[in-house]
2 protein chains.
Amino acid sequence: MSSKQEFIEKLRNSSLRPTKQRINICEVLFNRDKTFHFTINDLFNLIKDKTGEKVSLATVYNTVHAFHKKGYLKEIPINSNQTYFDTNVTDHHHFFDVKEEKLIDLKNEDVGPIEIQKSIPGKKIKSVEVLVKLED
Amino acid sequence: MSSKQEFIEKLRNSSLRPTKQRINICEVLFNRDKTFHFTINDLFNLIKDKTGEKVSLATVYNTVHAFHKKGYLKEIPINSNQTYFDTNVTDHHHFFDVKEEKLIDLKNEDVGPIEIQKSIPGKKIKSVEVLVKLED
DNA sequence: TCGTTGTTTATAATTATTCTAAAGAAGATT
DNA sequence: AATCTTCTTTAGAATAATTATAAACAACGA
Ligand SMILES: [Mn+2]
Ligand SMILES: [Mn+2]
Ligand SMILES: [Zn+2]
Ligand SMILES: [Zn+2]
């Protein structure tokens, strides 16, 4: 339950001007209890529905990428025609319900620690993600 | 080192007619020692290079999907502008070198067994895949 | 050889995403 | 408050991967 003022400050602190559009997007993305998994198109439609104001598709793309770059959104690796994002930016894993095309968070304790025993010279590990596909 | 005859039989056994194009694609995909990770475009170009014969892009898509459906190819979940496939269809995990855009196999013993402790009613697990992103 | 069915192909259509450039809004400066 | 600068939004065009279409072609069985 963040207030509009908090979003404005968060944007300013990130050197992103607090525009009407960005604040609306923040409301839709971050003003919720549970983690939120979405595609750009999901978000685009939700903004209209939840705020009553329309934001251009280009701005939705711009903003999602800006937030992603700032570390406020995580990109989830799945093979889909659309890219999925997540408001939960901590390291965690996912179920993907293939039929419903829906992501579900897995707690780290649901998966257990993963120790990668192999290494590639000159490279370091950036992320370790488990994707568990679900079917009926 | 499979022979052409073996590919023809394999195709027939899969109720796929052994056309010149499909045999060429088999040569490029399966006539190698190590597992092969590729995009459609990689494959399209390799066919020309390795067999000297050109196969239309549409056929490359068709064939890859046919082989995928038959279980001869695995699709690797990463967020890229192109879809990655793998000739190693066993359950296994991957490094993805983000800079080089290259996949590297991880042996199961490099990752260890993964036990998913959570379940969703009415759904069963189809696959469990670990993707380890590498950076410099 | 002939008829049937499956396959290839060029090309068009679709779709997600990015680019462009002009208009608008925010913040700083007077 | 007016002005200037910089950042942002936007519609629309461009790009690029993938899928669909439908006609020509090849494999197969009779
Ligand atoms: Mn999540
Ligand atoms: Mn592999
Ligand atoms: Zn991004
Ligand atoms: Zn496929």
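Note that the structure is a prediction, hence the values are computed from the model and not measured. Heavy atoms only: backbone and side chains are in, while hydrogens, waters and symmetry mates are out. Just so we're on the same page: letters track the sequence lines, and every chain starts at 1.
- Between A:Gln82 atom CD and D:dT18 atom C1' the separation is 14 Å, expressed in whole Å.
- Atom CG in B:Asn81 sits roughly 16 Å away from atom C1' in D:dA14 (whole-Å rounding).
- Residue B:His65 places at least one side-chain N or O closer than 4.0 Å to OP1 or OP2 of D:dT19.
- Atom-to-atom, NZ of B:Lys70 to P of C:dG6 comes out at 12 Å; the value is rounded to the nearest Å.
- Residues B:Ile104 and A:Lys118 approach most closely at CG2-NZ, 4.0 Å, considering heavy atoms.
- If you measure from atom CG of A:Leu11 to atom P of D:dT9, you get 10 Å, rounded to the nearest angstrom.
- The pair A:Glu129-A:Lys74 meets the salt-bridge criterion, with a side-chain N (NZ, NE, NH1 or NH2) lying under 4.0 Å from an Asp/Glu carboxylate O.
- Taking CG of B:Leu43 as the start and OG1 of B:Thr39 as the end, the distance is 8.0 Å to the nearest 0.5 Å.
- Put simply, CD on A:Glu75 is 12 Å from C1' on C:dT17, counting in whole angstrom units.
- At a threshold of 4.0 angstrom between heavy atoms, the contacts of A:Thr39 with the nucleic acid are absent.
- Atom OG of B:Ser14 sits about 8.0 Å away from atom CZ of B:Phe67, to the nearest 0.5 Å.
- For A:Lys48, the NZ atom counts as densely surrounded, since its 6.0 Å shell holds more than 12 non-hydrogen atoms of other residues, nucleotides or ligands.
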Scan nucleotides 19-26 of chain C against the protein and return all N/O pairs shorter than 3.5 Å with their distances rounded to 0.1 Å.
| unit_1 | atom_1 | unit_2 | atom_2 | d |
| --- | --- | --- | --- | --- |
| C:dA26 | N3 | A:Arg17 | NH1 | 3.3 |

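- B:Phe44 has its side chain within reach of B:Lys54: a pair of non-hydrogen atoms, C-beta onward, lies under 4.5 Å apart.
- Judged as a side chain to side chain contact (heavy atoms under 4.5 Å, CB included), and not counting sequence neighbours, the contacts of B:Thr87 are B:Leu29, B:Phe30, B:Thr35, B:Phe36, B:Phe38, B:Leu73.
- Between B:Leu16 and B:Lys54, the residue anchored nearer the 5' end of DNA chain C, judged by the nucleotide with its closest heavy atom, is B:Leu16.
- In this structure, the CD atom of A:Gln21 is 4 Å from the P atom of D:dT10, given to the nearest Å.
- If you chain together hydrophobic residues whose side chains sit under 4.5 Å apart, A:Phe85 and A:Val89 never meet in one group.
- Following chains of ILVMFWY side-chain contacts shorter than 4.5 Å, one can reach B:Ile23 starting from B:Leu46, so the two form part of one hydrophobic cluster.
- Within 6.0 Å of atom CD in B:Glu109, more than 12 heavy atoms from other residues, nucleotides or ligands are found, so the atom counts as buried in its surroundings.
- Taking the centre and axis of the six-membered ring of B:Phe95, the NZ or CZ atom of B:Lys102 falls outside the cone set by 45° and 6.0 Å.
- The C1' atoms of five pairs define one axis at each end of the helix from C:dT1-D:dA30 to C:dT30-D:dA1, and these two axes lie 20° apart (to 10°).
- Here B:Tyr61 reaches the OP1 or OP2 of D:dT18: one of its side-chain N or O atoms lies under 4.0 Å away.
- Using a 4.0 Å cutoff on non-hydrogen atoms, no part of residues 40-47 of chain A comes near DNA chain D.
- Separating the CD1 atom of A:Ile8 from the P atom of C:dG27 is a distance of 9 Å, rounded to the nearest angstrom.
- Dashed line: the shortest gap from a side-chain N or O of A:Ser56 to OP1 or OP2 of D:dT9 is not under 4.0 Å.
- Scanning for side-chain hydrogen bond (donor to acceptor under 3.5 Å, both in side chains) contacts around B:Asp136 gives A:Lys123, B:Lys99, with sequence neighbours left out.
- Between the side chains of B:Asp105 and B:His37, a donor-acceptor pair is found at a separation under 3.5 Å.
- Within the 4.0 Å cut-off from OP1 or OP2 of D:dT9, at least one side-chain nitrogen or oxygen of A:Arg22 is found.
- One interatomic measurement links the two molecules: CD of B:Glu53 to P of C:dT9, which rounds to 10 Å at whole-angstrom precision.
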Identify all pairs in which a protein N or O lies below 3.5 Å from an N or O of nucleotides 1-3 of chain C, and state each distance.
none

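- Annotation: the span from A:Thr63 atom OG1 to A:Asn24 atom CG amounts to 10.5 Å, rounded to 0.5 Å.
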